[in-house]
Amino acid sequence: MTERMPTPPRTVGVRDSVGYRAFTIINTTLLVLVCVAMLYPFVTVLAQSFSSAGAIKAGQVSFWPVEFNVDTYAAVMGNGMFWRNYGNTVLYTVVGTAIAMALTTTYAYVLSKHHLRGRGVLIGVAVFTMFFNGGLVPNYVLISSLGMKNTMWAIVLPGAISVFNLLVMKSFFENLPHELEEAAQIDGLGWFGIFTRIVLPLSKAVIATMILFYSVAYWNDWFGAFLYLDKNELFPVTLFLRNIIAGASTTATESAAAGGSAADLNPNIQSVTMILTVIPILCIYPFVQRFFVSGVMLGSVKG
């Protein structure tokens, strides 16, 4: 006779306790409130960008546009200097991020090797710069003396290495299996070959995260351009925005003569320019968001 297989016990649904359900409700409510608080400023700015100047001045705009109009969008987007500055921002971001990633990945890989002589000194030099710097005036003198003032390099080179990003990437490289590098060395690969053909392909998560960090930093930076650039045609769009907000530039308002007076368009020029500036980051972020948490966590926790 063949033995009958025992019938697996029926699974009985486990009901959540009252405390757990209360915690879930409270936690969900708090998270929703936090999301609303985070989204409210952006939604308000978006609504103001499509509202009339009178409605904005009267404080009537909150979540929805009041007296819908796109005149300011036409005025700002018809400004040649805005698009030139926009192109500058794209250029500075792409070049700066590429240089920063090249320097950060190579420096971090070197620091991840415990047998490296002078490793402690190199780490100390990097960490020292997190807490101390030469100051604003010495930096300005240095950039000017190097002949980088009024050039792209004054924007992209000073922030080429973020020590925080460097340490995160160093920790990530230290957690990679050493056996892979040993096997690659047996197959005849040198250190550069191991780095480019073994290490970098295994580091896509942290690399995508660092690209996001650097690109957002370069995209949002205006203070470096404010210090080192004197020519309007070299400004990034963030400095263009800053000048509008501070009232230091009338470029955008002068271009609005055909659509209305500058005084009428001025209140929502700030909102329109902010929306146009943030759109590229909003478009890029969803594609790298899935790497964001895993890249930071893998690089910040040492196994």
Side-chain angles (χ1 to χ4, degrees), residues 41-42 44-46 48-51 53 56 69-101 136 139-140 143-144 146-160 162 211-285:
F42 178 77
T44 301
V45 171
L46 182 62
Q48 288 180 350
S49 69
F50 287 104
S51 300
I56 297 174
N69 84 91
V70 292
D71 293 340
T72 310
Y73 273 100
V76 174
M77 296 178 70
N79 189 318
M81 187 57 67
F82 173 80
W83 290 111
R84 181 160 188 172
N85 294 159
Y86 214 102
N88 291 340
T89 300
V90 173
L91 177 64
Y92 299 159
T93 301
V94 171
V95 175
T97 302
I99 294 175
M101 288 304 301
L136 189 61
N139 283 336
Y140 181 84
I143 296 297
S144 300
L146 292 175
M148 293 194 299
K149 189 177 178 182
N150 284 320
T151 67
M152 175 181 65
W153 309 114
I155 307 301
V156 301
L157 291 183
S162 166
I211 289 176
L212 177 64
F213 284 174
Y214 278 120
S215 60
V216 170
Y218 278 112
W219 187 271
N220 292 331
D221 181 43
W222 64 269
F223 191 65
F226 180 73
L227 289 177
Y228 306 127
L229 302 181
D230 297 329
K231 301 177 180 178
N232 291 339
E233 60 270 19
L234 296 177
F235 287 174
V237 73
T238 45
L239 185 56
F240 180 90
L241 170 62
R242 180 263 171 194
N243 289 339
I244 291 178
I245 293 176
S249 175
T250 58
T251 306
T253 57
E254 289 174 355
S255 68
S261 66
D264 290 338
L265 287 175
N266 188 56
N268 59 348
I269 279 183
Q270 300 176 13
S271 302
V272 168
T273 314
M274 282 188 278
I275 293 298
L276 293 175
T277 303
V278 78
I279 283 176
I281 298 298
L282 292 180
C283 294
I284 294 174
Y285 186 80

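Taking L227 as the reference, L136, F223 meet the side chain to side chain contact (heavy atoms under 4.5 Å, CB included) condition, with sequence neighbours excluded. Residues forming a side-chain hydrogen bond (donor to acceptor under 3.5 Å, both in side chains) with Y92 (at least two apart in sequence, or on another chain): none. The ring-ring contact (aromatic ring centres under 6.0 Å, His included) check on F42 picks up nothing, with sequence neighbours excluded. By the side chain to side chain contact (heavy atoms under 4.5 Å, CB included) test, N220 pairs with V216, sequence neighbours left out. Shown here are the ring-ring contact (aromatic ring centres under 6.0 Å, His included) partners of W153, two or more places apart in sequence or in another chain: there are none. Not counting sequence neighbours, the partners of T93 by the side chain to side chain contact (heavy atoms under 4.5 Å, CB included) test are T89, T97, S215, Y218, W219. Judged as a side chain to side chain contact (heavy atoms under 4.5 Å, CB included), and not counting sequence neighbours, the contacts of M77 are Y73, W83, L276.
No side-chain heavy atom of F50 sits under 4.5 Å from any side-chain heavy atom of N69. Side-chain contact between I279 and C283 is present, with heavy atoms from C-beta onward closer than 4.5 Å. In this structure the side chain of P236 never reaches within 4.5 angstrom of the side chain of F226, judged on heavy atoms.
The CG atom of L229 sits 11.0 Å away from the CE atom of M152 when rounded to the nearest 0.5 Å. In this structure, the separation between OH on Y214 and CE on M101 is 7.5 Å, given to the nearest 0.5 Å. Between the CE atom of M274 and the CG atom of L46 there is a distance of 11.0 Å, given to the nearest 0.5 Å. Once rounded to the nearest 0.5 Å, the distance linking CG of L91 with CD1 of I155 reads 11.0 Å. In this structure, OG1 in T277 is found 9.0 Å from CZ in F240, a value given to the nearest 0.5 Å. Summarising the geometry, atom CZ belonging to R84 is positioned 7.5 Å from atom CG belonging to L234; distances are rounded to the nearest 0.5 Å.
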Determine whether Y140 and K149 satisfy the following criterion, side-chain contact (heavy atoms from CB on, under 4.5 Å), listing intermediate values before the conclusion. CA-CA 9 Å; Y140 181 84; K149 189 177 178 182; 2.4 Å; yes

Between N88 and V237, is a side-chain contact (heavy atoms from CB on, under 4.5 Å) present by the stated rule, with each step listed? CA-CA 7 Å; N88 291 340; V237 73; over 6 Å; no

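At least one donor-acceptor pair under 3.5 Å links the side chain of T238 to the backbone N or O of D221. With hydrogens and angles disregarded, a donor-acceptor distance shorter than 3.5 Å links the side chain of N150 to the backbone of D230.
Considering every non-hydrogen atom in both S271 and V45, the closest pair reads CB-O, 3.5 Å.
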